Amino acid sequence: MKRNLIAVFLFFSFIACDPASTKKNYPLHLSDVIMGTSYTIKVTSLPGSIEKDELISQIKRRLETLDQTMSTYRQDSELSQFNRSQSLQWQNVSKSLLTVLKEAKRINELTAGAFDITVGPIVNLWGFGPDPMLHKAPGSEVIEAALKKTGSEYLLLDEVGQKIKKTLPDLYLDLSAIAKGYAVDVVGELLEQQGVLDYMVEIGGELRLKGTNANNKPWRIAIEKPTSEARVIQKVLPLSDISLATSGDYRNYFEVGNVRFSHTIDPRTGKPISHKLASITILSHTTMEADATATALMVLGPVKGYELAQEKDIAALFIIKINDGFVEKASSAFLEKF
Ligand code: FAD
């Protein structure tokens with residue numbers, strides 16, 4: 001388990017802003033760890049037919065299976081085996097991995113390549129992957145060489161045959177910016193199949209909210225002020241029947257001198273982003289889409305990201321650094337929701 005966990009645990013003390021959000025008010029209130037980060041699930045009312053402990057073990061089994069499928073931190077995961085393989089032949093894959101790869105390619109096209117799961121070798125080069133952080137910037141020749149191993153066009157999907165193949169032997173996929181969102185959706189759908197209509201599912205800051213909280217009100221979700229020091233609430237959003245994801249440059253980074261290198265990589269340059277966008281929150285109908293879109297707009301920055309959000313009707317809240325703090329900028333689709 002790497003550095004993320006501490007930052008994530010602290011963050012989620014902000015999530016539950018409602019006074020009701022103590023364990024006693026939720027018949028199912030589960031917190032644990034998965035995918036190197038924490039998760040919390042709250043169910044406001046459990047149908048009588050449900051055996052709570054059985055539901056909890058179902059959720060845990062499902063999340064463990066997804067970790068085993070999509071982790072680059074587990075050498076034996078389905079994804080790690082594909083990444084290690086040099087084969088250019090079609091390979092059978094699980095339905096869930098194919099679902100995530102299909103959405104990843106769609107968001108890659110939607111954002112003109114800003115979201116790109118093939119940046120894995122570059123993420124690792126900068127120390128934001130499974131290997132220990134180096135706290136130093138790699139040389140430009142090394143970055144150039146790694147860039148040559150990236151490109152979504154080198155990953156082909158066969159949806160009918162449930163197969164994938166790489167056309168570049170060293171292609172290496174990193175699903176850290178989309179798979180948690182997918183896992184939230186999987187747990188949400190599992191709850192709904194069991195007749196649960198009011199719940200909050202959150203994994204590593206990606207959330208899906210259905211119905212109401214224990215106060216019979218919309219869920220109140222805090223957006224954090226993107227400062228790496230004290231944890232301060234920027235804004236509280238009343239939300240129901242929607243998914244939310246946030247990406248930022250203030251938790252997972254290293255600094256050399258007064259230059260900050262964060263874990264969001266611009267696939268065009270092979271370097272961490274260097275603009276003034278400190279964090280972005282996306283509201284969407286799936287958490288997988290919100291998760292990937294947040295990273296994409298984080299890459300595009302406050303100007304190009306906002307233009308795309310307006311053009312594609314994306315509900316986005318930008319928190320932008322200014323001299324003495326931050327300024328918020330919301331897309332029209334975001335403003336329409338409140
Ligand atoms: P997000 O903004 O959601 O994602 C940023 C991440 O996306 C970066 O860290 C990088 O990996 C990737 N990325 C960067 N730029 C781009 C881009 N342009 N396009 C696409 N992707 C990009 N962490 C651990 O420390 N230990 C673990 O055991 C562990 N297991 C994991 C298992 C799974 C299945 C997954 C999906 C992740 C795992 N992680 C683990 C990573 C951790 O959960 C987070 O995913 C990671 O810290 C980034 O998530 P975030 O929400 O902070 O940032």
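For this chain, numbers begin at 1 and follow the sequence in order. Since this is a predicted model, take the numbers as computed values, not measurements. Ligands are counted one by one from 1 in listed order, and the atoms in each one are counted from 1 as well.
- Using a distance-only test at 3.5 Å, with no hydrogens or angles considered, no donor-acceptor pair links the side chain of His263 to the main chain of Pro272.
- In summary, the atoms of ligand 1 found under 4.0 Å from a heavy atom of Asp174, numbered by their order in the structure, are 10 (C), 11 (O), 12 (C).
- Sorted pairs that involve residues 143-154 and meet salt bridge (Lys or Arg N to Asp or Glu O under 4.0 Å), not counting sequence neighbours, are lacking altogether.
- Near Gly36, meaning under 4.0 Å from one of its heavy atoms, ligand 1 places the atoms 23 (N), 24 (C), 26 (N), 27 (C), 28 (O), 29 (C), 30 (N), 40 (C).
- Close approach to Glu206 involves these atoms of ligand 1, each under 4.0 Å from a residue heavy atom: 3 (O), 51 (O).
- Contact analysis puts Ala114 in contact with ligand 1, with a non-hydrogen atom separation below 4.0 angstrom.
- In this view, Lys60 and Asp32 satisfy the salt bridge (Lys or Arg N to Asp or Glu O under 4.0 Å) rule, not counting sequence neighbours.
- Under a 3.5 Å cut-off, the side chain of Gln91 and the backbone N or O of Phe82 do not form any donor-acceptor pair.
- Residue Phe115 touches ligand 1 through backbone and side chain together, judged by heavy-atom distances below 4.0 Å.
- A cation-pi contact, defined as under 6.0 Å to the ring centre and within 45° of the axis, is absent between Lys166 and Tyr154.
- Taking every heavy atom of Pro267 and a limit of under 4.0 angstrom, the matching atoms of ligand 1 come to 18 (N).
- Residue contacts with ligand 1: Ile265 is placed with a nitrogen or oxygen under 3.5 Å of a nitrogen or oxygen of the ligand (distance criterion only).
- Close N/O approach between Thr264 and ligand 1 is not found [any backbone or side-chain N/O within under 3.5 Å].
- For ligand 1, the atoms closer than 4.0 angstrom to any heavy atom of Asp291 are 3 (O).
- Proximity to Leu175 (heavy-atom distance under 4.0 Å) selects the following atoms of ligand 1: 36 (C).
- Within the listing of ligand 1, atoms 1 (P), 2 (O), 3 (O) sit less than 4.0 angstrom from a heavy atom of Ser247.
- Counting non-hydrogen atoms of neighbouring residues, nucleotides and ligands closer than 6.0 angstrom, the CD atom of Glu54 exceeds 12 such neighbours.
- When Arg268, Met70, His263 are checked for heavy-atom proximity to atom 48 (C) of ligand 1, His263 turns out nearest.
- By the 4.0 Å N-to-carboxylate-O rule, Glu103 lies close enough to Arg106 to be salt-bridged with it.
- At under 3.5 Å, not a single nitrogen or oxygen of Leu66, backbone or side chain, sits near a nitrogen or oxygen of ligand 1.
- When each atom of ligand 1 is checked for a heavy atom of Asp67 under 4.0 Å away, the hits are 32 (C), 33 (C), 34 (C).
- Note: Phe261 and Phe254 have tilted aromatic rings, judged against thresholds of 30 and 60 degrees for the angle between ring planes.
- No more than 12 heavy atoms of other residues, nucleotides or ligands shown are found within 6.0 angstrom of NZ on Lys276.
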